[in-house]
Amino acid sequence: MGRWAIAVHGGAGVDPNLPQQRQEEAKQLLTRCLNLGISALRSNLPAIDVVELVVRELESDPLFNSGRGSALTEKGTVEMEASIMDGPKRRCGAVSGLTTVKNPISLARLVMEKSPHSYLAFSGAEEFARQQGVELVQNDYFITEENVGMLKLAKETNSILFDYRVPLETCSAGAAAGMDSTLKMNGLPISVYAPETVGCVAVDSEGRCAAATSTGGLMNKMTGRIGDSPLIGAGTYACELCGISCTGEGEAIIRGTLARDVAAVMEYKGLGLQEAVDFVIKERLDEGKAGLIAVSRNGEVTCRFNSNGMFRGCATEDGFMEVGIWD
């Protein structure tokens, strides 16, 4: 018997002026989800069940950018994506372009278990959801008044994304002042970039690792845009050695195949989990900003990011537990 461990995240790239109340709300949600996962691991649930359970909880709360509360496309709609991976046999499932599925992560798992494929998207994924009898809702369910306001501001300032956790008046002031940034995405300048995603990784007492990631994507994104979260090896990866979920600048994570690279350097270079994560964050992001959470089959857990913050929490069987935002 090994040791279990778990980590959750709610996105990397946090506005340094995020109000204290919002910070506390985020920590409370992360703590609740962490405790949910801890209870499941103590009850000997397999890691794959634990990560799905925790991400479903995150998708159901509008605080972070997944499920209800997802970022809006340029057309004011929601297009969600998610992926899940079971380490022991490297089984995986992913979905993109969802508009009515209440819990995208559960549909990703059904793709893994109930279809001959690994990835379904847009109308095909929606049809599969109807066939599987998952809970469907109107697209309006996912849209919050706050995000409608953020999209309006994003369009007014020609931004790709605003951090919807910042009060509207804060963003309005920045927009009025002609807010600029040197951040770029695929070489193109963007006004405000505060990436958000949710994810969970876990290793159970049998040493089985699993990972799950879910997101609404970027505020004011082009319809049809697919980020790193549903891409196995980029935003999500699990194998017999470890489980990883990434968050941040999706295009940079895709270019660096970030999640898979952690497992690869562990396998090919013989690095431990912490060494591997440090190496990948330092060497594989180029100028991108991102973070990740990871567990190993030995019951290790780590969180690492090169952005100015990451909503995260982690816990291990020996009693360690931590929830944080900043360094």
Side-chain angles (χ1 to χ4, degrees), residues 1-9 37 40-41 44-55 81-95 105 108-113 115-119 197-214 228-248 253-281 283-285 290-304 314 316-317:
M1 297 289 285
R3 298 181 303 159
W4 58 257
I6 183 171
V8 298
H9 72 72
L41 287 164
N44 295 318
L45 240 62
I48 190 68
D49 292 342
V50 175
V51 296
E52 180 190 7
L53 178 70
V54 170
V55 171
E81 49 196 24
S83 63
I84 192 168
M85 192 163 187
D86 193 13
K89 294 185 178 180
R90 286 186 287 190
R91 298 183 307 150
C92 60
V95 289
I105 197 64
R109 184 168 182 183
L110 286 169
V111 170
M112 178 178 77
E113 296 184 338
S115 86
H117 307 301
S118 295
Y119 197 161
T197 302
V198 304
C200 180
V201 294
V203 57
D204 58 33
S205 57
E206 299 292 328
R208 297 171 295 202
C209 298
T213 312
S214 180
D228 67 288
S229 296
L231 300 184
I232 299 301
T236 305
Y237 193 74
C239 61
E240 69 282 358
L241 290 175
C242 56
I244 303 100
S245 175
C246 300
T247 175
I253 293 170
I254 292 169
R255 293 194 303 270
T257 56
L258 214 64
R260 168 57 189 160
D261 235 32
V262 173
V265 296
M266 289 180 71
E267 182 177 354
Y268 301 140
K269 295 181 65 129
L271 300 184
L273 183 70
Q274 187 65 61
E275 289 178 296
V277 167
D278 289 345
F279 174 82
V280 167
I281 290 292
E283 303 292 341
R284 293 292 182 260
L285 276 170
L292 62 83
I293 55 175
V295 292
S296 77
R297 64 181 176 187
N298 299 323
E300 302 162 302
V301 64
T302 188
C303 307
R304 185 79 150 73
C314 56
T316 61
E317 188 172 6

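Keep in mind that the numbers below use all heavy atoms, side chains included, and drop hydrogens, waters and symmetry copies.
The backbone N or O of W4 lies less than 3.5 Å from a partner atom in the side chain of E317, making a donor-acceptor pair. Here the side chain of D204 pairs a donor or acceptor atom with the backbone of R208 at under 3.5 angstrom. Not one N or O on the side chain of R297 forms a donor-acceptor pair closer than 3.5 Å with the backbone of V203.
Annotation: the span from M85 atom CE to C209 atom SG amounts to 11.5 Å, rounded to 0.5 Å. Between L241 atom CG and M266 atom CE the span is 5.0 Å, to the nearest 0.5 Å. One distance of note links OG1 of T316 with CG of L41; it measures 11.0 Å at 0.5 Å rounding. From C246, atom SG reaches atom CD1 of I293 across 9.0 Å, with rounding to the nearest 0.5 Å.
Closest heavy-atom contact between E52 and R109: OE1-NH1, 2.9 Å. Residues I253 and G248 approach most closely at CD1-N, 3.8 Å, considering heavy atoms. The shortest non-hydrogen separation linking T197 to S229 is CG2-OG, 3.3 Å. When all heavy atoms of I84 and I232 are compared, the closest pair comes out as O-CD1, 4.2 Å. V277 and T302 make their closest contact through CG2-CG2, 3.7 Å (heavy atoms, listed as atom of the first residue, atom of the second, distance).
A donor-acceptor pair shorter than 3.5 Å can be found between the side chains of S245 and H9.
Partners of S83 according to the side-chain hydrogen bond (donor to acceptor under 3.5 Å, both in side chains) rule, which considers only residues two or more places apart in sequence or in another chain, are T236. Checked against side-chain contact (heavy atoms from CB on, under 4.5 Å), E283 has the following partners two or more places apart in sequence or in another chain: F279.
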